[in-house]
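Here is the structure we will look at.
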Amino acid sequence: MTTYLIIIPVAVLLYLAYAFNQLVRSRAMVNEAYSGMDVQLKKRYNLVPALVQVLKAHMNHERETLEKVVAARATAMKAEHLDERQNAENSLTNTLNQCFITVENYPELKSNPSFLDLQTRLTDVEDDIEKSRRYYNAVVRDNNIAVQSFPSLIVARLFHFKRRDFFEIDNPSHRQANPIHF
């Protein structure tokens, strides 16, 4: 009987320590994944000024479009909270998409080596952003499961571990099928 009085509290303490360490690990992975995504977003921010300079030289009548791109970049760079950042990134993505649609009206620009290089680099960065966002969201999912599942939720509440929000970049062009013309 006395061995049970020792074994049960020790087992509970060992579980609490294990659950706490798993939650700490999960929180660290979320923070690391966010940092990785932040690096990719900053790469895109760094490409935007070069893109604007190339576009300025060829798109004299599209000043408003370029100003929107610059403003969206500035807003995205200043965003601090996740929901602000998501909205700013959505705005930047949409203005960049509008900009590339406008480029279709400038055949000489579409063949410019500087523009083609920037377009390729931006496409690569967009792919990297998508990968890092997926990784971040997967880590957030795992964190949220740990924080909300019994019995680890007891430890999570006791030590104030929180659910984290997913990072969604809403790109309507990815959700709609492109029309097929014959």
Side-chain angles (χ1 to χ4, degrees), residues 1-48 68-100 121-179:
M1 178 75 163
T2 56
T3 55
Y4 288 120
L5 292 175
I6 295 172
I7 292 174
I8 291 174
V10 168
V12 168
L13 285 175
L14 286 175
Y15 174 76
L16 289 174
Y18 172 78
F20 178 82
N21 288 334
Q22 289 300 101
L23 290 166
V24 167
R25 179 181 183 276
S26 181
R27 180 176 57 198
M29 289 183 69
V30 169
N31 292 339
E32 181 268 334
Y34 186 82
S35 177
M37 186 173 53
D38 187 53
V39 166
Q40 299 306 321
L41 293 170
K42 286 178 181 173
K43 283 183 182 179
R44 178 167 68 169
Y45 302 156
N46 292 337
L47 288 175
V48 169
K68 285 181 183 178
V69 170
V70 171
R73 175 185 177 260
T75 302
M77 290 177 70
K78 290 179 193 172
E80 293 182 19
H81 301 293
L82 186 66
D83 57 341
E84 291 173 1
R85 189 113 193 232
Q86 284 180 167
N87 291 335
E89 291 302 329
N90 286 332
S91 177
L92 179 57
T93 299
N94 289 334
T95 55
L96 284 171
N97 286 341
Q98 290 172 357
C99 190
F100 282 111
R121 290 171 52 197
L122 202 56
T123 300
D124 292 344
V125 167
E126 292 292 340
D127 290 344
D128 292 342
I129 289 170
E130 178 66 20
K131 290 174 192 168
S132 63
R133 187 183 64 79
R134 282 184 177 191
Y135 176 69
Y136 172 80
N137 286 339
V139 172
V140 166
R141 179 201 59 223
D142 294 344
N143 176 76
N144 291 348
I145 289 170
V147 167
Q148 295 173 315
S149 297
F150 183 80
S152 63
L153 74 88
I154 296 168
V155 177
R157 287 183 182 167
L158 185 65
F159 293 101
H160 307 289
F161 288 92
K162 303 284 184 203
R163 261 188 87 258
R164 301 293 279 271
D165 292 326
F166 293 105
F167 192 87
E168 299 294 332
I169 297 178
D170 186 33
N171 189 347
S173 65
H174 289 141
R175 296 179 191 232
Q176 297 173 346
N178 292 331

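For reference, positions follow the sequence shown, starting with 1. Every value quoted in this text rests on a predicted model; they were computed, and no experiment measured them.
In this structure, Arg133 and Phe166 have side chains that are not in contact, with every pair of non-hydrogen atoms separated by 4.5 Å or more. Counting heavy atoms from C-beta outward, Tyr15 and Ser152 have side chains that approach closer than 4.5 Å.
Scored by the side-chain contact (heavy atoms from CB on, under 4.5 Å) test, Glu126 finds Arg44, Leu96, Ile129 as partners (sequence neighbours excluded). By the side-chain contact (heavy atoms from CB on, under 4.5 Å) test, Asp124 pairs with Thr120, sequence neighbours left out. Considering only residues two or more places apart in sequence or on other chains, Arg25 meets the salt bridge (charged side-chain N to carboxylate O under 4.0 Å, His left out) condition with none of them. Residues satisfying the side-chain contact (heavy atoms from CB on, under 4.5 Å) test with Val70, not counting sequence neighbours, are Val52. Shown here are the salt bridge (charged side-chain N to carboxylate O under 4.0 Å, His left out) partners of Arg157, two or more places apart in sequence or in another chain: there are none. Taking Lys43 as the reference, Val39, Gln40, Val125 meet the side-chain contact (heavy atoms from CB on, under 4.5 Å) condition, with sequence neighbours excluded. Arg134 is linked by a side-chain hydrogen bond (donor to acceptor under 3.5 Å, both in side chains) to Glu130, counting only residues two or more places apart in sequence or in another chain. With sequence neighbours excluded, no residue forms a ring pair (Phe, Tyr, Trp, His ring centres under 6.0 Å) with Tyr18. The side-chain hydrogen bond (donor to acceptor under 3.5 Å, both in side chains) test applied to Gln22 returns no partner, not counting sequence neighbours.
Side-chain N or O atoms of Ser132 include one that pairs as donor or acceptor with a backbone N or O of Asp128 at under 3.5 Å.
Counting all heavy atoms, side chain and backbone alike, Leu47 lies closest to Arg121 at CD2-NH2, 3.1 Å.
Listed by first and then second residue, the ring-ring contact (aromatic ring centres under 6.0 Å, His included) pairs that reach into residues 124-147 are Tyr34-Tyr136, sequence neighbours excluded.
A salt bridge links Asp38 with Lys42: the closest approach of a Lys/Arg side-chain nitrogen to an acidic carboxylate oxygen falls below 4.0 angstrom.
Separation of atoms OG1 (Thr95) and CG (Asn90) is listed at 10.5 Å; rounding is to 0.5 Å. The CD atom of Gln98 sits 11.0 Å away from the OG1 atom of Thr93 when rounded to the nearest 0.5 Å. Rounded to the nearest 0.5 Å, atoms CG (Leu16) and CG (Asn21) are 11.0 Å apart. Between Leu158 atom CG and Ile154 atom CD1 the span is 9.5 Å, to the nearest 0.5 Å. Atom CG of Leu82 is separated from atom CZ of Arg85 by 9.0 Å, given to the nearest 0.5 angstrom. Rounded to the nearest 0.5 Å, atoms SG (Cys99) and CG (Leu92) are 10.5 Å apart.
When Asn31, Val30, Leu23 are each tested for a side-chain contact (heavy atoms from CB on, under 4.5 Å) with Arg27, only one passes: Asn31.
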Under 3.5 Å donor-acceptor pairs involving side-chain atoms of residues 73-81, not counting sequence neighbours:
| unit_1 | atom_1 | unit_2 | atom_2 | d |
| --- | --- | --- | --- | --- |
| Arg73 | NE | Tyr45 | O | 2.7 |
| Arg73 | NH2 | Tyr45 | O | 3.4 |
| Thr75 | OG1 | Ala71 | O | 3.0 |

Only pairs under 3.5 Å count here: list side-chain donor-acceptor contacts from residues 142-151, not counting sequence neighbours, and write none if there are none.
| unit_1 | atom_1 | unit_2 | atom_2 | d |
| --- | --- | --- | --- | --- |
| Asn143 | OD1 | Ser26 | OG | 2.9 |
| Asn143 | ND2 | Lys162 | O | 3.3 |
| Asn144 | OD1 | Arg164 | N | 2.8 |
| Asn144 | ND2 | Arg164 | O | 2.9 |
| Ser149 | OG | Ile145 | O | 2.5 |

Practice problem: Kindly determine whether Asn137 and Phe167 satisfy side chain to side chain contact (heavy atoms under 4.5 Å, CB included), including the steps that lead there. | Solution: CA-CA 6 Å; Asn137 286 339; Phe167 192 87; 4.0 Å; yes
